[in-house]
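Step one of this worksheet: look at the structure below.
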Amino acid sequence: MHFDILTLFPEMFTGPLSVSIIGKARERGLLSVDIWNIRDYAQNKHKTVDDTPYGGGAGMVLRPDVLVRAIEAVRGDSRTPVIYLSPQGRVFNQELAAELATMPRLILLSGHYEEIDERVREKWVDWELSIGDYVLTGGELPAMVVVDAVARLLPGVLGDESSSQTDSFQDGLLDYPQYTRPASFRNMEVPEVLLSGHHEKIRRFRLKEALRRTLLRRPDLLERRTLSKEERQLLEELVQEHSCEGRVNTNEPN
Ligand code: 9D3
């Protein structure tokens, strides 16, 4: 898979996309990334890329002529989709990451504390994505988040051991708690069952703990997931166990 990233700050991308899992996957040719400086497509002698908004107001707007020159230079005559990272975008999630991972090539466009001219959004942007409801200084980190989330889904990028986790039954649930040696640490013990070597009991324990965490921390995830018979049974046990702690969520501070 190939990613083209259009940005005003190319140097922000070098570190994060050159190390660890993504760096190695690039070395192995499993994915490729080109970073393009939007300023290289400016035409006047000051290399201006943005201007004040028509109608007035604070902030600056990226010029459509510069942006479209950059997009068309990168895209050539391919029909590669353009993703614009923006606070107004649809919130990026795992489902979307999986959909994007099926594409051979993507162009990611990042602004930096500014908007793009609306005409670019209308005609050249295929997807507008946000990474969540908080304000950043630019779309660079969001672009890296999208590349990271999509790239790890590509065949061969994760080792076999970790990739098998992805299609495991615990997809869509929070992770179960993990323990390692020593078995006793400052009088805190590792749950017996994990030392037992009884694989079926361990599997069920982990599934229950994953369900417990999801129920307590992210009940919204449970509502969107279809549960197996076993999961419904374990969840029923958990609701019994936790019913004494039950509290109506009034959305008021405690
Ligand atoms: C909400 C403030 N905007 C109104 C004047 C200006 C503005 C602030 C910050 C415009 C862009 C930005 C930079 N953020 C992104 O480009 C961005 C982003 C984000 O801030 N949060 C979550 N996802 C994303 S994707 C791109």
Side-chain angles (χ1 to χ4, degrees), residues 1-42 47 49-50 60 62 66-67 70-71 73-75 78 80-116 120 124-166 171 174-175 178:
M1 181 167 184
H2 183 76
F3 296 90
D4 292 293
I5 301 171
L6 276 72
T7 173
L8 289 166
F9 294 93
E11 43 317 353
M12 283 183 74
F13 292 83
T14 43
L17 298 182
S18 302
V19 300
S20 181
I21 294 168
I22 305 302
K24 251 167 231 131
R26 288 174 72 185
E27 282 172 20
R28 291 164 59 207
L30 299 171
L31 71 133
S32 49
V33 182
D34 282 330
I35 314 287
W36 306 89
N37 192 339
I38 294 169
R39 200 168 296 280
D40 291 343
Y41 299 87
K47 294 266 165 202
V49 294
D50 52 13
M60 298 290 273
L62 284 167
V66 175
L67 281 178
I71 291 169
V74 168
R75 181 158 57 176
S78 74
T80 308
V82 174
I83 295 177
Y84 171 46
L85 287 311
S86 139
Q88 277 84 57
R90 164 176 169 198
V91 180
F92 184 62
N93 62 16
Q94 190 62 28
E95 201 179 332
L96 204 41
E99 190 182 339
L100 295 180
T102 68
M103 317 239 153
R105 186 180 173 197
L106 292 173
I107 296 171
L108 303 182
L109 170 63
S110 299
H112 197 83
Y113 213 86
E114 56 193 351
E115 266 298 323
I116 59 171
V120 177
W124 283 270
V125 171
D126 298 282
W127 275 302
E128 190 168 339
L129 302 183
S130 160
I131 62 162
D133 297 335
Y134 35 82
V135 184
L136 302 169
T137 58
E140 296 86 3
L141 290 166
M144 288 185 253
V145 165
V146 170
V147 171
D148 192 272
V150 171
R152 67 177 283 286
L153 298 177
L154 300 175
V157 169
L158 296 183
D160 282 345
E161 219 178 305
S162 19
S163 61
S164 57
Q165 268 236 283
T166 341
D171 219 28
L174 299 184
D175 285 344
Q178 300 270 25

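Owing to the predicted nature of the structure, the values given are computational and were not obtained by experimental measurement. Along the sequence shown, the residues carry numbers beginning at 1. What you see below is based on every heavy atom in this structure, not just the backbone, and it leaves out hydrogens, waters and symmetry mates.
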Next item on the list: Quick one: closest heavy-atom pair of D126 and R75, and the distance?
Entry: OD2-NH1, 4.4 Å

Note to self: Other residues, nucleotides and ligands only: do more than 12 of their heavy atoms fall within 6.0 Å of CD on Q88?
What the structure shows: yes

Next item on the list: Verify side chain to side chain contact (heavy atoms under 4.5 Å, CB included) between L8 and D50, making sure each step is shown before the conclusion.
Entry: CA-CA 11 Å; L8 289 166; D50 52 13; 5.6 Å; no

Check: If you measure from OH on Y41 to NZ on K47, what distance do you get to the nearest 0.5 Å?
Finding: 10.5 Å

Note to self: Does anything in residues 9-20 form a side chain to side chain donor-acceptor pair (under 3.5 Å)? List the pairs, not counting sequence neighbours.
What the structure shows: none

Next item on the list: Not counting sequence neighbours, which residues clear side-chain contact (heavy atoms from CB on, under 4.5 Å) with T102? List them please.
Entry: none

Next item on the list: Kindly indicate whether the side chain of I83, heavy atoms from C-beta on, has any atom under 4.5 Å from the side chain of L100.
Entry: yes

Next item on the list: Rounded to the nearest 0.5 Å, what's the gap from CG on L6 to CG on L108? Could you check?
Entry: 9.0 Å

Checklist line | From L85 atom CG to I116 atom CD1, the distance as rounded to the nearest 0.5 Å | finding: 10.5 Å

Check: Which value, rounded to the nearest 0.5 Å, describes the distance between D148 atom CG and I22 atom CD1?
Finding: 4.5 Å

Notebook entry, point to check: How far apart are the closest heavy atoms of G111 and Y84, and which atoms are they?
Noted result: N-CE1, 4.4 Å

Next item on the list: Could I get the full list of side-chain contact (heavy atoms from CB on, under 4.5 Å) partners for M103, not counting sequence neighbours?
Entry: M1, P81, L106, W127

Only pairs under 3.5 Å count here: list side-chain donor-acceptor contacts from residues 28-37, not counting sequence neighbours, and write none if there are none.
residue, atom, partner, partner atom, Å
R28, NH1, G156, O, 3.4
R28, NH2, G156, O, 3.4
S32, OG, H2, ND1, 2.6
D34, OD2, H2, NE2, 3.3
W36, NE1, D4, OD1, 3.0
N37, OD1, R39, N, 3.0

Check: What pair of heavy atoms forms the shortest contact from A42 to V66, and how long is it?
Finding: N-CG1, 4.0 Å

Check: Would you say K24 has more than 12 foreign heavy atoms packed within less than 6.0 Å of its NZ?
Finding: no

Next item on the list: List in chain and number order the residues that pass side-chain contact (heavy atoms from CB on, under 4.5 Å) with S130, two or more places apart in sequence or in another chain; answer none if no residue qualifies.
Entry: none

Check: Are the side chains of F3 and V150 in touch, meaning some heavy atoms are under 4.5 Å apart?
Finding: yes

Please tabulate, for side-chain N and O atoms in residues 131-144, each donor-acceptor pair with protein atoms closer than 3.5 Å (sequence neighbours left out).
residue, atom, partner, partner atom, Å
Y134, OH, I131, O, 2.9
E140, OE1, H112, ND1, 3.0
E140, OE2, H112, ND1, 2.8

Notebook entry, point to check: Would the number of heavy atoms belonging to other residues, nucleotides or ligands and lying under 6.0 Å from CG of L154 be above 12?
Noted result: yes

Notebook entry, point to check: What's the verdict on side chain to side chain contact (heavy atoms under 4.5 Å, CB included) for Q94 and D171, showing C-alpha distance, side-chain angles and the deciding distance?
Noted result: CA-CA 10 Å; Q94 190 62 28; D171 219 28; over 6 Å; no

Checklist line | Flag side-chain contact, heavy atom, 4.5 Å: I5 against L17 | finding: yes

